[in-house]
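Working notes, beginning with the structure itself.
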Amino acid sequence: MQNIHISDLKDYVREEVTLRGWLFNKRSSGKIRFVILRDGTGYVQCVYFKPNVPEDAFEAADRLGQESSIEVTGIVKAEPRAPGGYELDARDLKVIHETHDYPITPKEHGIEFLLDHRHLWLRSKKQVAIMKVRHRIVKAIRDFFDNKGFTLLDTPILTPNAVEGTSTLFETEYFDLGKAYLTQSGQLYAEAGALALGKVYTFGPTFRAEKSKTRRHLTEFWMVEPEVAFADLNDDMDLAEEFLEYVVQTVLKDREEELKILERDISKLAQVKRPLPRISYDEAVEILKKNGVDFQWGEDFGGADETVISNQFEKPVMVHRYPAEVKAFYMKRDPENPKLALAVDVLAPEGYGEIIGGSEREDDLNVLLKRIEEHKLPQEAFEWYLDLRRYGSVPHAGFGLGLERTVSWICGLDHLREAIPFPRMIYRNTP
Ligand code: 4AD
Ligand code: MG
């Protein structure tokens, strides 16, 4: 008798095996008890036929509550009609921990109740599927950059300065050294890395004290940020589209089962292949006006604007050259029109909005000094960053992809809160 996982059943047809997991669901019919077992790798129906099993096992199959932990033994049968294609002709059942009144039942629950029970909600079929897709996305991200010769550079979370504006900083006291801030982005450090290693990426949690309560904002989210020396805005866009194609196509190939559980219509995702459409901010504004949106040149796009723009395209669209005023201090200006920043945002289709933000970086010391002053940032905190422009400055560019926005888009979720195991939002920091 062997302990195996549900995902291995295909290798044990007609053999007796033991599986350990949790009672997901059960039903009965005459002399038969059906127990659906889950073990994190899958689901399998175990059929308890009274004459074949010990009395206490049959009785337990009747009595146990949802999420009781159990060990089941039985003979593996190929069963094309069963989800997953296999069934267990059960011979025994051992109780590891009996439970009753599990709070999350197959009936509908309100979102606040589910979020309060997130530590248990994670066991639900849909949540398990989302976490598996998330994991595959993370691995695809790492594989993509690793295979292209990028070096992973982990950047600090406690930092002395802002990156993406001062209005969303989480602040903390740092011993005798004054204030420290939770990082909004690892980019500035990634730039130092790019000048040391050529091509780097940083991938970790980032923080924004977002006061907005939207389905696209978390206060703690994960971001991957590649940074490349000797790259301009076009190189940056080339990298972004190759990257997106790789991530989406890999997940479609490797997580078909999970996307089916999530009832994701994958026809749009299948189209995420190079080239992706590229339009300028000016052209995006034209699209808004043509669609009757009252929009002033110079503003940043809101969520609703992004949806109108991206609805014009089947694939993610890259919008480049934004008004510098609405973008971060470190972005290089367009030499053809200094009102514009050499920035790019990638907007996902189906109303998912901005998933990537990137740019070419200002590489001239004096211009950068001026920007720091214009943005009223404390120059002292940026001296180390300015050194990158004092010693062997080169053109360089990079971008940041929000992991949860990507998970949400690929899984077809309506809110970012299900795209991360334990979401942090303006009104929630538990469990
Ligand atoms: O556009 P953002 O602010 O760009 C940066 O942070 C740059 N430093 C990146 C770079 O060039 N290295 O953020 C990048 C992405 C967004 O496109 C979005 O996907 C995600 O991070 N993001 C958020 N995701 C969830 N909740 C939030 N509050 C987010 N803010 C940004
Ligand atoms: Mg952005």
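Every number for a ligand or one of its atoms is a count from 1 in the order of the listing. Positions are given from 1, in the same order as the sequence printed here.
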At what distance is the nearest protein heavy atom to atom 18 (C) of ligand 1, and which residue and atom is it?
Arg405 NH1, 3.5 Å
N or O contact, Glu210 vs ligand 1, cut-off under 3.5 Å:
yes
Mind checking whether Arg216 has a heavy atom under 4.0 Å from ligand 1?
yes
List every atom of ligand 1 that sits less than 4.0 Å from any heavy atom of Gly357, numbering the atoms from 1 in the order shown and giving each element.
1 (O), 9 (C), 10 (C), 11 (O), 17 (O)
Determine whether more than 12 heavy atoms belonging to other residues, nucleotides or ligands lie under 6.0 Å from atom NZ of Lys139.
no
With heavy atoms and a 4.0 Å threshold, my read on which part of Leu416 contacts ligand 1 is side chain
Does Arg27 qualify as a cation-pi partner of Phe34, given the criterion of NZ or CZ under 6.0 Å from the six-membered ring centre and within 45 degrees of its axis?
yes
Would you check the N or O atoms of Pro226, main chain and side chain alike, for any that come under 3.5 Å of an N or O of ligand 1?
no
Ser185 heavy atoms within 4.0 Å reach ligand 1 at atoms 6 (O), 8 (N)
Is it true that a side-chain atom of Ser68 and a backbone atom of Leu23 form a donor plus acceptor pair closer than 3.5 Å?
no
protein heavy-atom neighbour closest to atom 31 (C) of ligand 1 works out as Phe221 CZ, 3.5 Å
Salt bridge flag under 4.0 Å for residues Asp116 and Arg428
yes
Determine, using heavy atoms of Arg361 and all atoms of ligand 1, whether some pair is separated by less than 4.0 Å.
yes
Does the ring centre of Tyr330 sit less than 6.0 Å away from the ring centre of Tyr385?
no
Heavy atoms only: which of Ala190, Gly402, Gly165, Gly358 is nearest to atom 20 (C) of ligand 1?
Gly402
Could you tell me whether Lys273 and Glu245 have a side-chain N and a carboxylate O separated by less than 4.0 Å?
no
Within the structure, does His217 bring an N/O atom to less than 3.5 angstrom of an N/O atom in ligand 1?
no
Check this for me: Glu383, atom CD, are more than 12 non-hydrogen atoms of other residues, nucleotides or ligands nearer than 6.0 Å?
yes
Looking only at N, O or S atoms, which one in Glu354 sits nearest to the Mg ion (ligand 2)?
OE2
More than 12 non-hydrogen atoms from neighbouring residues, nucleotides or ligands closer than 6.0 Å to NE2 on His97, yes or no?
no
Between Glu286 and Lys289, does at least one N-O distance fall below 4.0 Å, as a salt bridge requires?
no
For Asp11, does the CG atom sit with more than 12 other heavy atoms under 6.0 Å from it, leaving out its own atoms?
yes
Any nitrogen or oxygen of Leu218, main chain or side chain, under 3.5 Å from a nitrogen or oxygen of ligand 1?
yes
Just to confirm my output: which protein heavy-atom neighbour is closest to atom 2 (P) of ligand 1, and how far is it?
Arg208 NH2, 4.0 Å
With a 6.0 Å cut-off on the ring centroids, do Phe243 and Phe145 count as close?
yes
Using distance alone, decide if ligand 1 has a nitrogen or oxygen within less than 3.5 Å of any nitrogen or oxygen in Ser359.
no
Parallel, tilted or perpendicular: which describes the rings of Tyr322 and Tyr281, with under 30° parallel and over 60° perpendicular?
tilted
Starting from atom 14 (C) of ligand 1, what is the nearest protein heavy atom, named by residue and atom, and what distance separates them?
Met223 SD, 3.4 Å
For atom 12 (N) of ligand 1, grab the closest protein heavy atom and report residue, atom and distance to one decimal in Å.
Glu225 OE2, 2.8 Å
Indicate yes or no: does Glu263 engage Lys126 in a salt bridge with an N to O separation below 4.0 Å.
no
Atom 19 (O) of ligand 1 has as its nearest protein heavy atom Ile355 O, 2.9 Å
Can you tell me the protein heavy atom closest to atom 17 (O) of ligand 1 and the distance?
Glu354 OE2, 2.6 Å
Below the 3.5 angstrom mark, is there an N/O of Glu164, backbone or side chain, next to an N/O of ligand 1?
yes
Pick one of side chain, backbone, both or neither for how Tyr330 approaches ligand 1, counting any non-hydrogen atom pair under 4.0 Å.
side chain
Counting from 1, what ligand 1 atoms have a heavy atom of Ile356 closer than 4.0 Å?
17 (O)
